[in-house]
Amino acid sequence: MKFSPLHPSLGALVEDVDCNDDFLDQADSLKTALAKWQLLLFRDQDLSDSAFLEFCRNFGTLELLPEPEKRHPEFPEIFNLSNVKPDGSLTHHDDPQAVFLRGTSRWHTDSSFRTIPCLATILYAVTIPPQGGDTEFANMIAAFEGLSENDKAKLATLKAVHSYAYSRSTNPGELEKMSEEELTQVPNVVHPVVRQQTDGRASIYLGGHVSHLDGHDVVASRAQVRDWEEQFTALENIYRHQWRQGDVLIWDNRSTLHRLTGYEIDKYARVMRRCTVAGYEHVVGSSSS
Ligand code: OGA
Ligand code: MN
């Protein structure tokens with residue numbers, strides 16, 4: 001496998017790989033490369049659904065996402081990220097499905113509202129709009145490393161409250177209603193603002209599921225967190241991915257934020273197969289720089 005940087009800050013193109021191949025002996029190298037580069041791109045892939053699933057399993061155990069209606073009928077670990085309805089028509093801009101998809105346009109890291117958040121997300125591009133619909137990825141290790149020693153030390157003392165109820169309430173429109181009982185299954189969780197990576201580096205762990213800082217005034221600390229997100233997603237920390245059909249892209253949710261950039265959601269189809277690699281550890285904070 002050959003890794004070439006996609007951007008000065010993060011991401012590598014992995015060349016000479018057919019994701020249909022057997023990676024039994026190389027799964028550890030793939031996992032190490034993901035932690036190192038934070039994002040890996042495999043271009044021009046041609047994968048059946050079962051081959052995509054097999055490839056994703058090299059990175060760890062896969063999550064089953066909560067919404068059964070979006071699961072692949074045969075392979076429930078595959079989530080259909082799509083603005084196309086079962087009858088082939090496109091979702092309307094304000095349909096709950098489109099609101100959910102447009103909600104990913106805010107900087108976030110996937111499932112940070114869980115006690116043990118996911119490790120990585122993998123998308124396989126099936127249908128790409130002719131314009132728009134890029135995805136941006138921001139390097140949160142670089143964001144941390146760019147801070148002064150004082151700020152590093154200060155942030156390392158803080159914890160953030162990640163709340164699914166909060167991030168749902170800030171979606172750009174009405175989602176399907178969730179019952180009180182469903183909401184009680186996703187209680188607020190607290191994670192350190194500075195996260196320790198397995199390779200010893202540290203990153204900032206915030207994003208759209210963060211409601212506020214634990215133990216701080218909700219309104220003031222929420223505003224502070226949103227300011228930081230803007231500061232930490234400075235242009236030099238961002239790789240913007242322009243999708244091509246056949247791309248397989250995996251990003252490390254432990255050390256990056258991402259967001260969808262706009263496209264005409266009721267005009268162009270955008271279809272991705274998605275798998276989510278489960279995390280296996282509690283988020284551990286860092287007091288070192
Ligand atoms: C996601 C996500 C963005 C995109 O699948 O978690 O944020 O560009 N997707 O589809
Ligand atoms: Mn996401």
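This is a predicted model, so every value here is computed, not measured. In each ligand, atom 1 is the first atom listed, and ligand 1 is the first ligand listed. This chain uses plain numbering: 1 for the first residue, then up along the sequence.
Taking each of R270, H241, R106 in turn, the one with a heavy atom nearest to atom 4 (C) of ligand 1 proves to be R270.
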* Asked: After noting the C-alpha distance and the side-chain angles of D252 and R254, does the key distance pass the salt bridge (charged side-chain N to carboxylate O under 4.0 Å, His left out) rule?
  -> CA-CA 5 Å; D252 193 323; R254 299 170 297 189; 2.8 Å; yes

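Of all the heavy atoms of H258, the ones lying under 4.0 Å from any atom of ligand 1 belong exclusively to the side chain. Residue contacts with ligand 1, taken as heavy atom pairs separated by less than 4.0 Å, involve L81 solely via side-chain atoms from C-beta onward. Contacts between M272 and ligand 1, counted as non-hydrogen atom pairs separated by less than 4.0 Å, are absent for every part of the residue.
Residue, atom and distance of the protein heavy atom nearest to atom 3 (C) of ligand 1 are T104 OG1, 3.9 Å.
For the Mn ion (ligand 2), the set of protein N/O/S atoms nearer than 2.8 Å consists of H108 NE2, D110 OD1, H258 NE2, ordered by chain and number.
Remark: K85 engages D95 in a salt bridge, criterion side-chain N to carboxylate O under 4.0 Å. Salt-bridge annotation for R102 and D94: present, with a side-chain N of the basic residue lying under 4.0 Å from a carboxylate O of the acidic one.
Ring-centre distance between Y205 and H191: below the 6.0 Å cut-off. Between W251 and H258, a ring centre-to-centre spacing shorter than 6.0 Å is recorded. Aromatic pair F55/F42: ring centres closer than 6.0 Å.
Aromatic ring pairs are classed by plane angle as parallel below 30°, tilted from 30° to 60° and perpendicular above 60°; the pair H108 and H209 is perpendicular. Between F75 and H72, the ring planes are tilted. Angles from 30° to 60° get that label.
Against a heavy-atom cut-off of under 4.0 Å, T135 is close to the following atoms of ligand 1: 4 (C), 8 (O). Listed by number with element, the atoms of ligand 1 under 4.0 Å from a non-hydrogen atom of H108 are 7 (O). Of all atoms in ligand 1, numbered sequentially from 1 with element shown, those under 4.0 Å from a heavy atom of D110 are 6 (O). Heavy-atom contacts of R274 reach the following atoms of ligand 1: 1 (C), 5 (O), 6 (O) (cutoff under 4.0 Å).
Heavy-atom neighbours of Q242 CD from other residues, nucleotides or ligands within 6.0 Å: at or below the threshold of 12.
For the pair K31 and F59, the cation-pi test (distance below 6.0 Å, angle within 45°) is failed.
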